[in-house]
Amino acid sequence: MYSSLLTSLLALTTVETAVAASQCTARPPFLNKLAQDNGKLWFGTAADIPGTAEQTDTQYLKILTNNKYFGEMTPANMMKFMYTEPEQNVFNFTGGDYFLDLAEKNGLRVRCHNLVWNSQLSDWVTSRNWTAPELTAVMKNHIYNLVGHFGGRCYSWDVVNEALAGDGSFSSSIWYDTIGSEYFFLAYQFAQEAVEQTGADIKLYYNDYGIESPGVKTTAAYNLVKELQSRKIKIDGVGLESHFEVGGTPSVAAQVAAKQGYIALGVDVVVTELDVRFVQAPFYTAAGEATQAQNYYDSVASCMKVGPGCIGVTVWDFVDKYSWVPSSFPGQGGATIYNDTFQRKPAFYAIGEALTGAPCTVC
Ligand SMILES: *[C@@H]1O[C@H](CO)[C@@H](O)[C@H](O)[C@H]1NC(C)=O
Ligand SMILES: *[C@@H]1O[C@H](CO)[C@@H](O)[C@H](O)[C@H]1NC(C)=O
Ligand SMILES: *[C@@H]1O[C@H](CO)[C@@H](O)[C@H](O)[C@H]1NC(C)=O
């Protein structure tokens, strides 16, 4: 536990304490550097660039592009369907290319996000009735063009995003309702073919929320992975979104157990969209921020505990003023690791502790 860590550290030998503390001498803790020094590929963040205030906010960009803090950035919106294929078979890669240029210039990896989802689709997709073969061709063309264009600049693609309902069945979506459950497996088949055509090593992921602890939906996600594997279709990893509420996150043990379940199937896991929101104001009390710090700690610690099969942690943007939460959950907020004026919250230091096992509150 984050709060008891200092006490337990006091019980360590002098040598062990010195080793642990030496990983955390940065002031403040450089989260990506600490993650990479401790066996992860990155500590990352989503960013909504270009076309938003983030693009020209120098204070924001200075933190985002310092790869001591972040080693991965995920496009919050720019690679989604409505932006990349606004008219049928007319592709717009401007935003995605800008995002990749920014990441590469600063030495950050990119998890490309996403190919097949029920939200943020173009009007031309949703405003008419398709036959299953027609919509399958639309899906295939979209996947081939995006994977082909961005190629090996993507560390990975979230191929299908949020396919499952809470009861473990496929959610209603234009894809499922038109094509049936085969849409899911076809999407991965098309993505695999497209990756093979690039000749690059691009990982294919399934990404969802509510699959971060054992339960019906998590079991359903395991079953999707198993079914892809039994059909010999490429699946490299599962993204656990981890959009949590302060005081309401699964325990470390539950998050470890869920992650171990995926890893036992032979796929990687990534914490892809971590944030921990207050469901009501106030967002900045000492007690609230302490609970939030513990909640962030628990997610990151679960990724550390399961070893290299959890390859990294990405937060869903890092400063409250650009968080998706207030617009998606009216009245809620305070979900990220920097407050509106870019002050690091206790959660920031708790993540440093989880990454190192050292008390970053004092370093
Ligand atoms: C392509 O996308 C960029 C970035 O979102 C946008 O600024 C531009 O207007 C788009 N171009 C067209 C032709 O829609
Ligand atoms: C799609 O089909 C349904 C049922 O036949 C019909 O009610 C609806 O108007 C159609 N929608 C469009 C956009 O054509
Ligand atoms: C951000 O944190 C600083 C330092 O703790 C504080 O002065 C400021 O009021 C905070 N901003 C908000 C919006 O809470």
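Basis for what follows: all heavy atoms, side chains included, without hydrogens, waters or symmetry-related copies.
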Original post:
Does a donor on one side chain sit under 3.5 Å from an acceptor on the other, for Glu72 and Thr74?
Top reply: yes

**OP:** Kindly compute the distance separating CG (Asn89) from CG (Asn145), expressed to the nearest 0.5 Å.
**Re:** 6.0 Å

Original post:
Is a side-chain N or O of Glu245 found less than 3.5 angstrom from the main chain of Arg277, in a donor-acceptor match?
Top reply: no

**OP:** For Ser122 and Val125, indicate whether the former's side chain and the latter's backbone hold a donor-acceptor pair under 3.5 Å.
**Re:** no

Subject >> Heavy-atom closest contact (Ile235 atom, Val225 atom, distance) >> reply: CG2-O, 4.2 Å

Subject >> Test applied, side-chain contact (heavy atoms from CB on, under 4.5 Å); reference residue, Leu204; option that passes from Val147, Asp236, Val160 >> reply: Asp236

Subject >> Donor-acceptor under 3.5 Å (Asn114 side chain, Asp158 main chain) >> reply: no

Original post:
How long is the span from the CE atom in Met82 to the CG atom in Asn77, to the nearest 0.5 Å?
Top reply: 8.0 Å

**OP:** Taking the side chain as every heavy atom from C-beta outward, state whether Phe244 and Gln255 have any pair of such atoms under 4.5 Å apart.
**Re:** yes

**OP:** Taking the six-membered ring for Trp and the full ring for Phe, Tyr or His, determine whether the centres of Phe318 and Tyr60 are under 6.0 Å apart.
**Re:** yes

Subject >> Full working for side chain to side chain contact (heavy atoms under 4.5 Å, CB included) between Leu61 and Leu64 >> reply: CA-CA 5 Å; Leu61 291 172; Leu64 173 68; 4.2 Å; yes

**OP:** Look at atom CD of Gln88 and say whether more than 12 heavy atoms of other residues, nucleotides or ligands are closer to it than 6.0 Å.
**Re:** yes

Original post:
Any chance CG of Asp123 has more than 12 other-residue heavy atoms, nucleotides or ligands included, within less than 6.0 Å?
Top reply: no

**OP:** Could you tell me whether the side chain of Arg111 reaches within less than 4.5 Å of the side chain of Trp42, counting heavy atoms only?
**Re:** yes

Subject >> Lys234 atom NZ, neighbour heavy-atom count above 12 within 6.0 Å >> reply: yes

Subject >> Exercise: do Asp208 and Tyr206 side chains pair donor with acceptor under 3.5 Å >> reply: yes

**OP:** For this output row, return yes or no: ring centroids of Phe184 and Trp175 closer than 6.0 angstrom.
**Re:** no

Original post:
Quick one: does NZ or CZ of Lys217 land under 6.0 Å from the six-membered ring centre of Tyr209, within 45 degrees of the ring axis?
Top reply: yes

**OP:** Identify whether NZ of Lys or CZ of Arg in Arg153 sits under 6.0 Å from the centre of the six-membered ring of Phe150 and within 45° of that ring's axis.
**Re:** no

Original post:
Under 6.0 Å between ring centres, would you say that holds for Trp124 and His142?
Top reply: no

Original post:
Given the side-chain rings of His149 and Phe93, with only the six-membered ring counted for Trp, is the space between their centroids under 6.0 Å?
Top reply: yes

Subject >> Lys321, NZ: over 12 other non-hydrogen atoms inside 6.0 angstrom >> reply: yes

